[in-house]
Each structure stands twice: as structure tokens, then as C-alpha cells.
Amino acid sequence: MTAPGAARAFLRGAAPSFAAGLLMGALYWALDLTSPAPPLIGLTGLAGIVLGERAATAVRDRPARRPAPSPPAADPGDTHAL
């Protein structure tokens with residue numbers, strides 16, 4: 001995907017989220033409520049969610065560890081010395 005295409009795809013997902021945040025901020029203001037969490041703590045929690053999701057995906061998609069195959073058994077009639 002090209003850089004402009006990636007930016008458009010990001011904005012398609014980020015714009016509704018940003019708009020919802022603006023709407024909730026306006027609603028909090030209209031109802032004279034305070035935000036449920038300070039912005040820095042809220043953003044830190046979101047960063048933790050994103051990092052945890054990526055870590056879980058990496059662990060899930062990691063190939064299963066398999067023991068290395070054992071070398072073939074030596075033939076008793078073989079007289080070669082290693």
C-alpha cells in the first residue's frame with residue numbers, strides 16, 4: 001500500500017473516533033461533567049491496550065517451538081569412523 005493510501009485508510013478509521021470524542025466532550029461540557037479520567041492517564045491506558053493486543057497477536061502467531069530432529073541412528077554394519 002502506498003503512503004497516501006495508508007494515510008487515507010488511517011484517517012477513515014481515526015476520523016469517526018475523533019468525531020465521537022468531540023461529541024462526548026461537548027456532551028460532558030453541556031451536562032457540566034468532568035472527564036472520567038485525566039487525559040494522560042486515559043491515553044496511557046489506551047497505549048497499554050494497544051501494546052497488549054499486539055503482544056498477544058505476536059505470541060499467538062509465533063510458530064510453535066519444536067524440538068530439533070535427532071540425528072539418524074548409526075547403522076550397526078557401518079564401519080566409518082566419524
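The basis for the numbers below is simple: all heavy atoms, side chains too, and nothing from hydrogens, waters or symmetry mates.
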- [ ] May I ask you to list the residues sharing a hydrophobic cluster with F10, side-chain cutoff 4.5 Å, ordered by chain and number?
- [x] L11
Open item on the list: Could you list the cluster mates of F18? Members are the ILVMFWY residues connected by side-chain heavy atoms closer than 4.5 Å, either directly or through other members.
Closed with: L22
Task: L46: hydrophobic cluster co-members (side-chain, 4.5 Å) - done: L43, I49
Open item on the list: Could you see if L31 belongs to whatever hydrophobic cluster contains Y28? Use Ile, Leu, Val, Met, Phe, Trp, Tyr and a side-chain cutoff under 4.5 Å.
Closed with: yes
